[in-house]
Trainee: 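Here it is, the structure, as structure tokens.
Starting from 1, each residue takes its place in the sequence as its number. We use all heavy atoms of the structure for the numbers below, so side chains are in, but hydrogens, waters and symmetry mates are not.
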Amino acid sequence: MTSQVAAQLHTIIDLIRYGASRFNAAGLTFGHSYDNALDEATSLVLHALHLPPDLGPAYGAARLLDDEKANILGLFERRINERVPAAYINGEAWFAGLNFISDERALVPRSPIAELILGGFEPWLAGREVTRALDLCTGSGCIAIAMGHYYPNWQVDGSDINDAALSLAHENRERLLAHNVEILKSDLFNGLDGRVYELIVTNPPYVTNQETDELPDEYRHEPELALRAGDDGLDLVLKILRDAPDHLTEDGLLICEVGDSEQHVNALLPELELAWIEFKVGQMGIFAVEASELRRHHARIAELAAAR
């Protein structure tokens, strides 16, 4: 059957169109770097052909060899049958304009924080000088390494509790020559004694137990440790809010991603002044908060965190 299909597909654009149609018909879920079937099919085709992701449209008419078509159709079948995100099939993912190794040791890089990195974290930093920054729960290392890449004068730490994720982060650090980035093992802040930062950025686990249980199959390939975070998704976030002031300078800033658990943050801590960040596509469940504000409400935050 595959050979019969291949005989009717001739060009790059033929394969992309066919893949997108198959993905939509199969009811695949998207959200790992790509949010639609067409982009995901494009990524698989271009990766298989060793072509850049920004390939000009004129190349869409390029004809493919039989073995190239067979290889691509095999990737399509794996994507459909195994429900593996394309980034894991390709073994790479783009984040903030950089190409990262991506596999099942860590979440596929996809945080909207990439937009903040490229924008210099303004206006949230308000011109404050940063010399040391932390990416807490670094996973693949994408946020820490992107910060280190675009801000070579910063000393950036990326920390995680998961040894598998840390090994991937180390590989990405070497791949992208991020020599101003240090990868550290730490259970939240428990391995970072004495380290203080002007900026802490974190994309911690924040998916509720119910949402984790109901995730589509594509997400089952990602480490559950990086997703599940209690009944309201805030088991780790509350500890981060409690302990961050000990690792922030007097006028330091915390940026934290909580996704759909935004509603639970606002319900538990309505008195906390959080700046919910607007992205090009709207709000994405990411807030900025001043260290002084966390210190002012520390007692209430600590009370909530202790109950977890």
Trainee: Atom CD of residue position Glu129 - does it have more than 12 heavy atoms of other residues, nucleotides or ligands inside 6.0 Å?
Mentor: no
Trainee: Is there a side-chain hydrogen bond (donor to acceptor under 3.5 Å, both in side chains) between Asp135 and Thr138? Walk through the geometry before answering.
Mentor: CA-CA 6 Å; Asp135 170 23; Thr138 195; 2.6 Å; yes
Trainee: Does the pair Arg83/Glu77 count as a salt bridge with the N-to-O cut at 4.0 Å?
Mentor: no
Trainee: So, Glu40 and Arg22, do they make that salt bridge, N to O below 4.0 Å?
Mentor: no
Trainee: Would you call Arg173 and Glu182 a salt bridge, taking side-chain N to carboxylate O under 4.0 Å as the test?
Mentor: no
Trainee: Between Arg132 and Asp157 (salt bridge meaning N to carboxylate O under 4.0 Å), is one present in this structure?
Mentor: yes
Trainee: For Arg308, is there an ion pair with Asp232 - N to carboxylate O distance below 4.0 angstrom?
Mentor: yes
Trainee: Do NZ/NE/NH1/NH2 and the carboxylate oxygens of Arg105 and Glu171 come within less than 4.0 Å?
Mentor: yes
Trainee: Determine whether more than 12 heavy atoms belonging to other residues, nucleotides or ligands lie under 6.0 Å from atom CD of Gln210.
Mentor: no
Trainee: Check this for me, if you would: do Glu273 and Arg296 make a salt bridge, where the nitrogen-to-carboxylate-oxygen distance has to be below 4.0 angstrom?
Mentor: yes
Trainee: Check this for me: Tyr59, atom OH, are more than 12 non-hydrogen atoms of other residues, nucleotides or ligands nearer than 6.0 Å?
Mentor: no
Trainee: Using side-chain heavy atoms (C-beta onward) and a distance below 4.5 Å, is Glu293 in contact with Leu272?
Mentor: yes
Trainee: For Glu257 and Thr202, what are the C-alpha separation, side-chain angles and deciding distance, and is it a side-chain hydrogen bond (donor to acceptor under 3.5 Å, both in side chains)?
Mentor: CA-CA 6 Å; Glu257 179 170 343; Thr202 183; over 6 Å; no
Trainee: Salt bridge or not for Arg228 and Asp235, using N-O below 4.0 Å?
Mentor: no
Trainee: So Thr212 and Glu224, side-chain hydrogen bond (donor to acceptor under 3.5 Å, both in side chains) or not? Walk me through it.
Mentor: CA-CA 8 Å; Thr212 303; Glu224 186 176 298; over 6 Å; no
Trainee: Check whether any side-chain heavy atom of Leu241 sits under 4.5 Å from a side-chain heavy atom of Leu234, and report yes or no.
Mentor: no
Trainee: Might you work through the side-chain hydrogen bond (donor to acceptor under 3.5 Å, both in side chains) test for Arg17 and Ser21, ending with a clear yes or no?
Mentor: CA-CA 6 Å; Arg17 196 282 310 159; Ser21 295; 3.1 Å; yes
Trainee: Between Leu253 and Ile200, is there a side-chain heavy-atom distance shorter than 4.5 Å?
Mentor: no
Trainee: Quick one: does Leu38's side chain get under 4.5 Å of Phe30's, heavy atoms only?
Mentor: no
Trainee: How about CG on Asp260, more than 12 heavy atoms from neighbouring residues, nucleotides or ligands closer than 6.0 Å, or not?
Mentor: no
Trainee: Verify ring-ring contact (aromatic ring centres under 6.0 Å, His included) between Tyr219 and His32, making sure each step is shown before the conclusion.
Mentor: CA-CA 9 Å; Tyr219 293 86; His32 296 88; 4.3 Å; yes
Trainee: May I ask you to check whether over 12 heavy atoms, not counting those of Asp251, lie within 6.0 Å of atom CG?
Mentor: yes
Trainee: Below 4.5 Å, heavy atoms only, C-beta onward: do Val181 and His149 meet side chain to side chain?
Mentor: no
Trainee: Tell me yes or no: between the side chains of Thr131 and Glu198, is some donor less than 3.5 Å from an acceptor?
Mentor: yes
